[in-house]
Amino acid sequence: MTWNVALRRALSTSALAFLFVLPTSAWALLSDDEARKAILDLRKTLASTQLELQSQIERLKSENAQLRGQIENLQRQSEEFIASQKTNYQDLDTRLSKFEPRTLEIEGVTGTIQPGEKAAYDEALAAFQAGQLKKADTGFTSFVRKYNASPYLPLALYWLGNTKYALKEYPGAISQLQALIKAYPKHPRIPAAMLTLGNCQLESGNKTAARKTYGDLIASYPDSEVAVEARQMLPRTK
């Protein structure tokens, strides 16, 4: 609002207030025509002032609406930017994790995973599951030699023993399974490893060793499913 407008409004308001506070005797000094003209002028001034105020109010409303729209747009852009940055950081972290060592816990065993380590284990396991036993044997053997401090090592030994058992390479299977049982006696794969070890010993003709392995398995894990299988195998060790 300009100073001229403010001054004009102040003068008009003051004039109106002055006229209204005039005593009746003062109004009597004006002729009828002058009084009517003064009233009309006041009405015009009031109407003009009201229109101007209404116009200002509407303009302010419009400006406020534009500001709200701009603020909402900025908030939306900010949220989108934050979400985008979060996704980018997650993608970057995922990519970097392939090239940086990580500490993980695998079936109760905690250790550092080196770049390429999990991929090597997964590839060997996939070969075993696909029945590609020679490839699995090569993969697990290479893994055990290369990553001998890995938290995947107990699993690699377990699957390597099972792979060699499936290939009927019983001495090699026995060696891997015994290494697993000795190094990780509390590992959750031990009961199944003991059953496979007993089977390897039995298939290789060492009934005494098989009978002992089955007996140890039944004594240590009497309520397990593998203990049931060991009981069924015991008669063959006589």
Side-chain angles (χ1 to χ4, degrees), residues 97 100-238:
S97 67
E100 296 179 349
R102 291 180 297 159
T103 299
L104 293 178
E105 180 180 330
I106 310 297
E107 294 194 7
V109 179
T110 301
T112 301
I113 303 295
Q114 300 298 327
E117 183 174 327
K118 185 177 185 303
Y121 172 81
D122 289 342
E123 183 179 355
L125 181 59
F128 177 84
Q129 293 171 336
Q132 300 172 350
L133 298 179
K134 287 292 185 180
K135 182 178 179 180
D137 181 62
T138 300
F140 283 125
T141 299
S142 175
F143 185 93
V144 169
R145 290 173 179 170
K146 187 175 181 179
Y147 303 108
N148 54 15
S150 170
Y152 281 103
L153 183 60
L155 292 174
L157 290 170
Y158 173 78
W159 290 115
L160 180 57
N162 278 274
T163 299
K164 290 187 177 297
Y165 173 61
L167 290 168
K168 298 184 179 181
E169 297 179 6
Y170 302 126
I174 290 171
S175 175
Q176 300 303 324
L177 293 169
Q178 286 178 334
L180 167 62
I181 295 169
K182 181 179 180 180
Y184 303 92
K186 301 298 182 180
H187 196 275
R189 301 278 178 156
I190 295 303
M194 292 179 69
L195 179 64
T196 303
L197 174 60
N199 292 342
C200 289
Q201 292 167 332
L202 182 62
E203 294 293 338
S204 62
N206 192 343
K207 293 184 177 181
T208 301
R211 184 166 55 251
K212 183 179 185 307
T213 300
Y214 291 142
D216 291 343
L217 171 56
I218 294 168
S220 299
Y221 307 95
D223 299 325
S224 64
E225 293 182 4
V226 290
V228 174
E229 295 184 44
R231 291 188 184 94
Q232 294 173 347
M233 298 297 294
L234 273 176
R236 294 180 55 186
T237 63
K238 296 180 181 180

Sequence neighbours excluded, which residues qualify as ring-ring contact (aromatic ring centres under 6.0 Å, His included) partners of Tyr152?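 Checked Tyr152 against ring-ring contact (aromatic ring centres under 6.0 Å, His included); matches are Tyr121.
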Identify, with sequence neighbours excluded, every residue that meets ring-ring contact (aromatic ring centres under 6.0 Å, His included) alongside Phe128.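 For Phe128 the ring-ring contact (aromatic ring centres under 6.0 Å, His included) partners, ignoring immediate neighbours, are Trp159.
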Strictly by salt bridge (charged side-chain N to carboxylate O under 4.0 Å, His left out), give each pair with a member in [range] just once, sequence neighbours left out.
range: residues 212-221; value: Lys212-Asp216
range: residues 186-210; value: Glu107-Arg189, Glu203-Arg236
range: residues 148-171; value: Lys134-Glu169, Asp137-Lys164, Lys164-Glu169

Heavy-atom closest pair, residues [X] and [Y]:
X: Leu133; Y: Leu167; value: CB-CD2, 3.5 Å
X: Ala179; Y: Leu157; value: C-CD1, 4.5 Å
X: Ala192; Y: Tyr158; value: CB-OH, 3.5 Å
X: Ile190; Y: Pro185; value: CG1-O, 3.6 Å
X: Tyr147; Y: Ala120; value: CE1-CB, 4.3 Å
X: Val109; Y: Pro154; value: CG2-CG, 4.0 Å

Residues which pass side chain to side chain contact (heavy atoms under 4.5 Å, CB included) with [X], listed by chain and number, not counting sequence neighbours:
X: Ser204; result: Tyr170, Ile174, Asn206
X: Lys182; result: none
X: Lys135; result: Glu123, Ala127, Gln132
X: Ser224; result: Tyr221, Val226, Ala227

Roughly how far, to the nearest 0.5 Å, is [atom2] of [Y] from [atom1] of [X]?
X: Leu180; Y: Ser175; atom1: CG; atom2: OG; answer: 11.5 Å
X: Leu153; Y: Phe143; atom1: CG; atom2: CZ; answer: 7.0 Å
X: Ile106; Y: Leu155; atom1: CD1; atom2: CG; answer: 7.5 Å
X: Thr163; Y: Phe140; atom1: OG1; atom2: CZ; answer: 5.5 Å
X: Met233; Y: Arg231; atom1: CE; atom2: CZ; answer: 14.5 Å
X: Leu160; Y: Gln176; atom1: CG; atom2: CD; answer: 4.0 Å

Note, Tyr214 side chain near Leu202 side chain (heavy atom, < 4.5 Å): yes
For a 4.5 angstrom cut-off between non-hydrogen side-chain atoms, does Thr110 reach Pro151?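 They are not in contact (no side-chain heavy atoms under 4.5 Å apart), so the answer is no.
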Any residue meeting salt bridge (Lys or Arg N to Asp or Glu O under 4.0 Å) with Glu117, in chain and number order, not counting sequence neighbours: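 Glu117 satisfies salt bridge (Lys or Arg N to Asp or Glu O under 4.0 Å) with no other residue.
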List the residues meeting salt bridge (Lys or Arg N to Asp or Glu O under 4.0 Å) with Lys238, not counting sequence neighbours, and say none if there are none. none
Set of residues satisfying side-chain hydrogen bond (donor to acceptor under 3.5 Å, both in side chains) with respect to Gln201, sequence neighbours excluded: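 With neighbours one apart ignored, the set is Thr213.
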Sub-3.5 Å donor-acceptor pair from the side chain of Thr237 to the main-chain atoms of Leu234, do we have one?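 Yes; judged by distance alone, with no hydrogens or angles, the pair exists.
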